[in-house]
Amino acid sequence: MSIYNHKKIESKWQKIWKKNQVFSAKDSLKGKKNFYHLVMFPYPSGDLHIGHWYNFGPADVYARFKRLQGFNVMSPIGFDAFGLPAENAAIKRKIHPEKWTMANIKTMTKQLGSLGNSYDWSRMVITCLPEYYKWNQWLFLKFFENGLAYRKKAAANWCPSCKTVLANEQVVEGRCERCNTQVEQKEIEQWLLRITDYAERLLEDLMVLDWPERTKTMQKNWIGKSEGAEIEFPVADSGLKIKVFTTRADTLPGATYLVLAPEHPLITTLGARIINQSAVKDYLEQANHKTELERLTENKSKTGVELKGLNVINPFTKKEIPIWVSDYVLVGYGTGAIMAVPAHDARDFEFAKTFKLPVIKVVSEDGKDEELQEAYTEDGVMVNSGDFNNLPNSIAKDRIIEIVGAKKKINYKLRDWLISRQRYWGTPIPIIYCKVCALREPSGQGIVPVPEKDLPVVLPKIKDFNPDDSGKSPLAKSEKFFKVPCPKCGEPAERETDTMDTFFDSSWYFLRYADPENKEVFADEKRIKSWLPVNMYIGGAEHTVLHLLYSRFFTKFLYDQNYLNFKEPFLALRHQGTILGPDGQKMSKSRGNVIDPDELVEKFGADSVRMHLCFMSEYNQGGPWNPTGILGVHRFLGRVWNLMSEKLKVKIEKEEGEKINPVLEKLLHKTIKKVGEDIEAFKFNTAVSALMILVNAIEKNPQLEISNWKLVIKLLAPFAPHMTEELWNKLGNEESIHLSSWPEYDEKLVAEEDFELLIQVNGKLRDKLMALKNISQEEAEKLALGQEKVKEALGAKKPKKIIFVAGRLINIVV
RNA sequence: GCUCGGGUGGUGAAAUGGCAUACACAGCAGACUUAAGAUCUGCCGCUGUUAAAAGCGUGUGGGUUCGAGUCCCACCCCGAGCACCA
């Protein structure tokens, strides 16, 4: 018996696969359908950790399975190489981000090789190379040409530690997603992409996607569609009107005041008429200085100030009501102003209680008008509403919209995507500002796009890439970089020195894999057509409102521009869970609970590691790492090797097989069915356990023909690619097992002729016996009532009712 | 607060409304071995018993059903996401 030497055999096959380009995907293969299988490309942070393995390992099981099923599979890999961590680490270690990043890519590429995954290495994409980011810039220009990229000065989320602005999606509970620092608001000029133009389509097309419901729901909530109406409130003694957005127009009769966001422009416009100007000014100042976090942690208690001297007219009641300013109204949503209906909105109720404002109930559950202890937000019938009294509020809603001449309106929570970053290690934004041109155009901005022929705008090698509080990128310190002649008029001008959010890079990388070396376009149309959209996309759930939303937006934009013939990039999506440290905490170097995959591979081999990751829990679940758990599959693979190498040697020498044991044959075909179905459903854990059951049975009675042994090896191939390749090769096969075919099961063998009939009395199991699958109820009853244990359980009682489930059980009810 | 997930042996976990705990890990006992390790065999929810029989068991309480881990209602706990979005 030879002991399985994983080190020797795994590296042997990894070299052969790479050398023979076994997994290089041809754009088309005769008689085979293309299948684009993709894992989220890693960030080159240093080393591959077990989380990468958990993503990539089982994902590769799926890829190999699809390949065996007869698909022409492309499984590419690359690096999401721009971004803050590279820069921060580089600053700390005093080496250039590029050097650091490329060194990490080298290490990680080597590690990726040790996984033995079926990647097409020829399609490697690295986003920090000019050949790649040139197309970021090209895409940016396309957005700009179409009015979807625009520059705006406004308060933005500023991370004082990263010293850059962040997209809304990158702010988590008022803190920076990366470094957990409190985010501040900073007025700064920046570039945004008009993703909000696509809100409705991003929402609608979610329906057709084979994505986890949870992820779809999260995107849906993030887009946050809400249907309502815009109602105008005339300002008393003035020609002005204040627009509010509401989803509850039915409650308009109960609107007892209006609230403006502190940033609402009307506060300035009407400034002169405000009596208590200094109090208002104080409040605005105070609101302005609150950080995002303060607003969140203040327990949502309400603050505000009345604009004394000003009133508006409720268009339903025609009564004058006051105007207040409060920071619980957000300037970025709706119209930045609300009608307050304290009786039917929890926030308004709290505000009204705080400032002793009138509460008028207009919707009632039972038609009565009692004093409210809290806001009533359910449906009901109208009260205190004149002609509308006793009408269901849902009907009143539309009528009120009509009589006050309001417009129906849809709002979204989604904001435009802020893509400028005041950092060095990213794609330069291809824009030049020209003061001369500015004078000639009405906007006066002088924004001149870099001509396509001048792309890429190469990120210069500078020495000082430390960020500062100036709100400008380190590139602003390099005159060589930013001082350029204007491409339009030739006069001296300045480049944009901000770089792009790295989510820009990852919003289209999956297109580049189709044609990674193209110098003329971001990817050739035909090559895109042959591969995209992605058939199966696998990665963590942490990107649900970032990468996955942005990629959908890019795809829809490129579809509109006729570059793509599909509207959604990822037809199917699956998430892996998160593996925690053995202590149940998130793995981190500072906690010292990090599991090093290289050590595991060294000790147990890549096959054992990937198979254990498949086996340890449901794929989308994850959980704490159990240090001894891997022994299970490791022993299993050892037993497989012993069984096969020993038995097969004898068999091959004899060149004849024994007839397969019929019980085993049935189990084999059932296993073929189960393993195939389970892999398709991403239930890798039960697929592995089915394989264990099969091998356990074979070990007890290893009576199989050579052809059956081959089926078993094929079933194991996606899980243990190296070992099975070696066994396959030993059997005299020239071509890789991974290019062979997935076994088919025999329907007849999967179907059972007989079964174990369960006999229950009052639903409690009392006995069981073997019976034919097609046994009739009469026969079953007779058999069951004849059983000693049944007689005992029945005693003197007579059966009242007998439930018979064909092919399963009989239940005697007394 | 709202929206999703989830709660099953000592542990990771299985289970189209029909045998709860498959498959493993750990543990215990035995075989092999000078020994250790590796490997192999057996046991392994709780109560009970020499052993069995029997009873009890899927977060808690109720319900539907011949039959509930699974469906319904209420509650408790854990995890994730969102969070003053009118």
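In what follows, chains carry the letters A, B, and so on, assigned in the order in which the sequence lines appear, proteins first and then strands, with residues in each chain numbered from 1.
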On the 0 to 90° scale, with breaks at 30° and 60°, tag the F684(A)-F719(A) ring pair as parallel, tilted or perpendicular. perpendicular

Does A86(B) have its OP1 or OP2 closer than 4.0 Å to a side-chain nitrogen or oxygen of Y333(A)? yes

Gap between atoms CH2 and C1', on W625(A) and U11(B) respectively (whole Å): 15 Å

What's the CG-P distance between D345(A) and G1(B), to the nearest Å? 17 Å

Nearest whole Å is fine: how far is A86(B) P from K302(A) NZ? 14 Å

Which nucleotide in the list G81(B), C66(B), G5(B) gets nearest to the side chain of R214(A)? G5(B)

Expressed in whole Å, how much space separates the P atoms belonging to A68(B) and C19(B)? 11 Å

Under a 4.0 Å N-O cut-off, is there an ion pair linking K673(A) with E677(A)? yes

Under 4.0 Å from any atom of RNA chain B, heavy atoms only: list the residues of residues 408-418 of chain A that qualify, in numerical order. K413(A), R415(A)

For G6(B) and G67(B), measure between their P atoms and round to the nearest Å. 26 Å

In whole Å, what separates the P atom of A24(B) from that of C72(B)? 34 Å

Measure from the side-chain N and O atoms of N593(A) to the backbone N and O of K586(A), and report whether any donor-acceptor pair falls under 3.5 Å. yes

Taking salt bridge (charged side-chain N to carboxylate O under 4.0 Å, His left out) as the cut-off, I'd like each qualifying pair that reaches into residues 803-814 of chain A, sequence neighbours left out, listed once. none

Distance check, C1' atoms only: A22(B) and G69(B), in whole angstrom units. 15 Å

Measure NZ/K216(A) against P/A80(B) and give the value in whole Å, please. 24 Å

For S608(A) and H6(A), test the side chains for any donor-to-acceptor distance below 3.5 angstrom and give the result as yes or no. no

Taking only residues two or more places apart in sequence or in another chain, which ones pass side chain to side chain contact (heavy atoms under 4.5 Å, CB included) with Q219(A)? L206(A), W211(A), L548(A), L549(A), R552(A)

Would you indicate whether the side-chain heavy atoms of L203(A) and K220(A) approach each other to under 4.5 Å? yes

Which dot-bracket string fits RNA chain B when only Watson-Crick or G-U wobble pairs with both atom distances under 3.5 Å count, crossing pairs get [ ], and | stands for a partner on a different strand? (((((((..(((.....[....))).(((((.......))))).(((......)))..(((((..]....))))))))))))....

If I pick the P atom on A29(B) and the same atom on C78(B), what distance separates them, to the nearest angstrom? 39 Å

Within 45 degrees of the ring normal and closer than 6.0 Å to the centroid, is that where the cationic atom of K225(A) sits relative to Y412(A)? no

With rounding to whole Å, what would you report as the distance between C71(B) and G79(B) at their C1' atoms? 24 Å

Treating primed atoms plus P, OP1 and OP2 as sugar-phosphate and everything else as base, which nucleotides of nucleotides 13-25 of chain B get B, S or - for protein heavy atoms under 4.0 Å? SSSB-BB--BBSS

Applying side chain to side chain contact (heavy atoms under 4.5 Å, CB included) to A806(A) and not counting sequence neighbours gives F804(A)

Can you name the nearest heavy-atom pair linking I231(A) to P315(A), along with the distance? CG2-CG, 3.8 Å

Flag yes if more than 12 heavy atoms outside K666(A) fall under 6.0 Å of its NZ atom; otherwise flag no. yes

Would you mind reading off the distance between W222(A) atom CH2 and U3(B) atom C1', rounded to a whole angstrom? 15 Å

Which atom names give the shortest non-hydrogen contact between K8(A) and N5(A), and what distance separates them? N-OD1, 3.1 Å

